[in-house]
Q: 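Sharing a structure, written as structure tokens. Questions coming.
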Amino acid sequence: MNPTEIADALDVIAKAPFDAAEFGYAFADATDNARATIAKLRSGATNKSDLNGGVLLNRKFHYAPALPSDTAQTLAALRASKKTASAKPVILIATDGQMIAAEHPKSGDTLHCPFNELGTHFAFFLPAAGKDRYQAAEENPVDVKASGKLAKLYDAMMRVNPDWKQAERRHDMNLFMTRLIFCLFSEDVGIFTQHQFSHAVFSYGGNKGEHARDTIVSAFAAMNRPKGERSDLPAWTANFEYVNGGLFTGTIDAPDFDPVAFRYLRDCCDLDWKLINPDIFGSMIQSIADPDARSELGMHYTSVPNIMKVLGPLFLDDLDAAIDKAWDKASALRAQLTRLSKIRVFDPACGSGNFLVVAYRELREREIRLLKRLGELEANPQNVMWSSVSLGQFHGIEITDFAAETAKLALFIAEYQANARFADVFGRMPALLPLRDGGHIVCDNSLRRDWEEVCPPPVAEEEVYIAGNPPFLGDNARSPEQNNDMDFVLAGHLDAHRRIDFVSCWIFKAANYLRNRNAKSALVSTNSICQGQSVGALWPEILKNGLEIGFAHRSFKWRNNAASNATVMCVVVGLRNITKDRKRVFEGDLESEAANINAYLLDASDIFVEASSRSIFNLPYMEYGNKPTDGGHLLLTPTERLEILSRSPEAAPYIKRLMGSDEVINGIERYCIWVTDEEATNASALPPLKERFDAVAKFRASSKAAQTRPAAAYPHRFRQAQNWAREQALFIPIHSSENRPFLPIEWVKSDVIASNANLALYDSPIWCLSIIASRLHIVWIGAVCGKLETRYRYSNTMGWNTFPVPKFTPDQLDQLSASARRILKTRYQHYPKTIADLYDPDDMPDDLRQAHRENDDLLETMYIGRPFRNDTERLEKLFKLYAAKVASKGGK
DNA sequence: CATCCGACACAGA
DNA sequence: TCTGTGTCGGATG
């Protein structure tokens, strides 16, 4: 059962009259326990409770009925129970039917709520079903504030220095911002003496910033030279530290300041940069400096919560568990300390280094924890040594030079902050300047470069973790160079490799890197790689030769602090060599354990549903709608239709009703010009049609698609006039909302044309509607078809042609037809409500809901002799039938 | 020739 | 500016 099903089941209990003797078993049922388990519990054989009327299921929950208004005391009794101590339930529940008092004994978390809100608080009870709540990390508000101030400064400087906007000066601007931030940071954390840089700027920069540029240039120049070599610079520069490390080498320049820009510079100096998060600050500079190019490579910085979605399950959680286990034994703690120095993290698309910085910081934190504990356990305090985690353990590849430079700087700042924390705890800190060489950041094309050269494979005790967020690009968005890179990586290994997302190249290279090595990988990806056609195209190749998915985050919305967020749904797929270790699935803030994680990220066997051009279960032929590719000129609003008809009434026979998804779902009226080749000459004689044909021809002639240009020769026709009904048809919208309980489908007469936003069954039996509008079908489509973000995306080849049905008898087909007509009739009784109105999840009419329930019960009984209990059971059965059918076909 | 997709696109609160 | 929900036509095998 998934969390929603558990919530529903708990809600049923909450809404029913309370029965103290029955509650424990009902709760066991609602939290996904097998019938046999509940039967044994009921018989008393496995009920371990030592409380009156209590039910205790080993390791799951301990329930006891409470006297009226006495839930707190009953909860206390549950807490104190000897049996609670031995059977280790994850939930304690006391209720009198009015109030509930519940507790997680491990964390001490408690819940008090009215009984009828049991379903609302389902998340609290999920641990009883083996699902844990998952805590996501939060964003740092200081970063948000700093990026706002920097953006203001940047804009002001751009107003004063319009020439810096040009592409050839962009690098100078980026460099200036990096150096400035380094100085602001350094004077706040003690690398420079306090306020050294800003003091110089505001002492010598003039009242209104008129000398600010010269002052800053002098300061930067000084930092690039040893202290004795600054005789040509102003005397005040003598005390600046020699920074080096590459940051101040090369051209040194600064923009001019006006009073406004100078004021914003002061604002930036006033910020407390000590608290800045180096995790993402490089990305912020980039997004500030290049607001037009945020969607380009490297501009999509990953927020810390999302980075932790990767690093936590990839290796930090395991590390924590190992440290906990070693907690009381010095030798075991030392082993973990050694382990820290042998962990390497590799981000093959590192941008400005966010993942590496966070990983570094997390390792240093754990090291401090270990050393502190060792200090407590061992008498000799000299055992507290210097950090053994070095920046050299961090490897990255980044294609743009500025981002690569920023990554090095960010790692340096992270190192400084970790050292400062170390000094807080142990009272020691090393010299910080001149900058030492940082992480192994290589500026190169990650898809062309040999990864083993950048991050040598692990030897002996070493562990390598590949993490990151490579770019996502679908086949319509890639440049010719990117397609070449993709061919270079994937051609010869995957069929149809150009069909899948660019990010797949990184997944493929990561899989090859880690196979048979002490290494794991987890990359943030677009969710489309785990849906529809991508599943069969990519994953069989990835998951062969000993790899498996060790953890996965199901679809989550992309979010960061950038002003305009990218709109995309992401997943994280954790790859590893096959082990017996637990497998974890994350969905929203919920975590559960899975027996297997397949490429759809479902807890099910490794199934790859393959597209088929005809139904493998002998269902009628479903076709793609008619695709205009007309630049909008063959499609008509009702108003446009009337305009044409008023100019040329003879055009009437050439205009038909047209329906796409929006028309089916929202009852919108739309028309199209529909002219056969034989009619073309007559139709072109009518001026309003001729004008539109000319516009279509022009649009098509300038298309960059090979299939479209020739269609300029027949502008009266759709590019793909696929098919249409003789008598009647069923239209199925391809894209539709994920919130409706059933898929939209409409029955139409032959005078309506389907656009390519619909799939169609022409002149097919009406029982097809009974199937497509069923719960079984929407569950199947949701599992095996692609999605538009999280919307349903219906597919004939992957959804309909693969949909398993039993062999129906003629009598059963009659029953399904009758059920389909009942649904249609019920809908018509609510005329003029649209499908969107009728299937509003919060406002579906009772009679329609009833018609669908009867339809589902009827259909499902034909599969297993009774209705299914829940969607998990539905999907299990469908997968089983599909696998059996594929096996039998393959055997022939 | 017929799809499958979109670091989306766009309307309406 | 955010939320809800489906257009449209290129690129692909």
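Quick note: numbers below take in every heavy atom, side chains included, and nothing from hydrogens, waters or symmetry partners. Every chain is numbered from 1 and lettered A, B, ... according to where its sequence line falls, protein lines coming before strand lines.
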Q: Taking the same atom, C1', in B:dC5 and in B:dA9, what whole-Å distance lies between them?
A: 14 Å

Q: Out of the candidates A:R793, A:K787, A:R791, only one should pair with A:H735 under the side chain to side chain donor-acceptor pair (under 3.5 Å) rule; please name it.
A: A:R793

Q: Is there a residue in residues 490-500 of chain A whose heavy atoms reach under 4.0 Å of DNA chain C, and which residues are they?
A: A:A496, A:H497, A:R498, A:R499

Q: Taking only the side-chain heavy atoms of A:F472 (C-beta and beyond), determine which of B:dA7, C:dG6, C:dC8 contains the nearest atom.
A: B:dA7

Q: Which nucleotide, C:dG6, B:dC4, C:dG9, lies nearest any side-chain atom of A:D630?
A: C:dG9

Q: For a quick test of reading the model: is some side-chain N or O of A:S661 closer than 4.0 Å to OP1 or OP2 of C:dT7?
A: yes

Q: Output the rounded distance in Å from CZ (A:R614) to C1' (B:dT3).
A: 15 Å

Q: What's the OH-C1' distance between A:Y792 and B:dC5, to the nearest Å?
A: 19 Å

Q: Would you indicate, yes or no, if C:dT5 has its OP1 or OP2 atom less than 4.0 angstrom from a side-chain nitrogen or oxygen of A:S737?
A: yes

Q: Atom OH of A:Y762 and atom P of B:dA2: how far apart are they, to the nearest Å?
A: 12 Å

Q: Does the side chain of A:D694 pick up a donor-acceptor pair with the side chain of A:H633 at under 3.5 Å?
A: no

Q: If the cut-off is 4.0 Å, is A:S736 near the phosphate of C:dT5, judged by side-chain N/O to OP1 or OP2?
A: no

Q: Quick one: is A:R719 getting a side-chain N or O under 4.0 Å of the B:dC1 phosphate, OP1 or OP2?
A: no

Q: Examine A:K309 relative to A:F556 and say whether NZ or CZ is less than 6.0 Å from the centre of the six-membered ring and inside a 45° cone about the ring axis.
A: yes

Q: Which residue lies toward the 5' end of DNA chain B, A:E623 or A:L788, if each is placed at its nearest nucleotide?
A: A:E623

Q: For B:dA9, take OP1 and OP2 only and decide whether either is under 4.0 Å from a side-chain N or O of A:T567.
A: no

Q: Within the 4.0 Å heavy-atom criterion, would you say A:R740 contacts the bases, only the backbone, or no part of the nucleic acid?
A: sugar-phosphate

Q: Counting side-chain heavy atoms from C-beta on, which of C:dG6, C:dG9, C:dT12 comes nearest to A:N756?
A: C:dG9

Q: Ignoring hydrogens and geometry beyond distance, is a side-chain donor-acceptor pair present between A:S521 and A:W506 at under 3.5 Å?
A: no

Q: Just to confirm, is there a sub-4.0 Å distance from OP1 or OP2 of C:dG9 to any side-chain nitrogen or oxygen of A:T708?
A: no

Q: OP1 or OP2 of B:dT3 versus the side-chain N and O atoms of A:N796: is any pair under 4.0 Å?
A: yes

Q: Less than 6.0 angstrom from the centroid, inside 45 degrees of the normal: does A:R740 satisfy that with respect to the ring of A:Y839?
A: no

Q: Would you mind reading off the distance between A:N476 atom CG and C:dC8 atom C1', rounded to a whole angstrom?
A: 10 Å

Q: Does a side chain donor of either A:E610 or A:S612 reach within less than 3.5 Å of an acceptor in the other side chain?
A: no

Q: When you measure from the side chain of A:R478, which nucleotide among C:dT12, B:dT3, B:dA7 comes out closest?
A: C:dT12

Q: Look at the side chain of A:E789 against the base of B:dC8 and say whether a donor-acceptor pair falls under 3.5 Å; ignore hydrogens and angles.
A: yes

Q: If I take atom OH in residue A:Y621 and atom C1' in nucleotide B:dT3, what distance separates them, rounded to the nearest angstrom?
A: 11 Å

Q: Looking for any heavy atom pair under 4.0 Å, which part of the strands does A:S795 touch: base, sugar-phosphate only, or nothing?
A: sugar-phosphate

Q: Whole angstrom is fine here: how far is it from CG in A:L635 over to P in C:dT7?
A: 11 Å

Q: Kindly give the heavy-atom pair with the smallest separation between A:M622 and A:I772, and that separation in Å.
A: CE-CD1, 3.9 Å

Q: Between B:dT3, C:dT5, C:dT7, which one does the side chain of A:N739 approach most closely?
A: C:dT5

Q: When you measure from the side-chain N and O atoms of A:R791 to the phosphate of B:dC4, is any distance below 4.0 Å, counting only OP1 and OP2?
A: no

Q: Looking at A:N469 and B:dA7, is any side-chain donor or acceptor paired with a base atom of the opposite kind under 3.5 Å?
A: yes

Q: Using a cut-off of strictly less than 4.0 Å, decide whether A:Q722 has a side-chain nitrogen or oxygen near OP1 or OP2 of B:dA2.
A: yes

Q: Among A:Y794, A:Y792, A:F742, find the one that has a ring-ring contact (aromatic ring centres under 6.0 Å, His included) with A:H777.
A: A:Y794

Q: A:W780 and A:F879: ring-ring contact (aromatic ring centres under 6.0 Å, His included), yes or no, with the steps?
A: CA-CA 9 Å; A:W780 180 253; A:F879 273 139; 5.7 Å; yes

Q: Is the phosphate of B:dG6, meaning OP1 or OP2, less than 4.0 Å from a side-chain N or O of A:S528?
A: yes

Q: Taking atom types as they are modelled, is there a donor-acceptor pair under 3.5 Å from the base of B:dC4 to the side chain of A:Y624?
A: yes

Q: Quick check on contacts: within residues 693-704 of chain A, what sits under 4.0 Å from DNA chain C by heavy-atom distance?
A: A:F699, A:S703, A:K704

Q: Looking at B:dT3, I'd like to know if its phosphate oxygens (OP1 or OP2) sit under 4.0 Å from a side-chain N or O belonging to A:R793.
A: no

Q: Give the rounded distance in Å between these two atoms: CZ of A:F502 and P of C:dT12.
A: 13 Å

Q: Contact class for A:P470 (heavy atom, under 4.0 Å): base, sugar-phosphate, or nothing?
A: base

Q: Nearest to the side chain of A:T629, which nucleotide is it out of C:dC8, C:dG10, C:dG6?
A: C:dG10

Q: Does a donor on one side chain and an acceptor on the other come within less than 3.5 Å for A:S504 and A:D501?
A: no

Q: For A:D495, check salt bridge (charged side-chain N to carboxylate O under 4.0 Å, His left out) against everything at least two apart and list the hits.
A: none

Q: To the side chain of A:Q707, which of B:dC1, C:dG6, C:dG10 is closest?
A: B:dC1

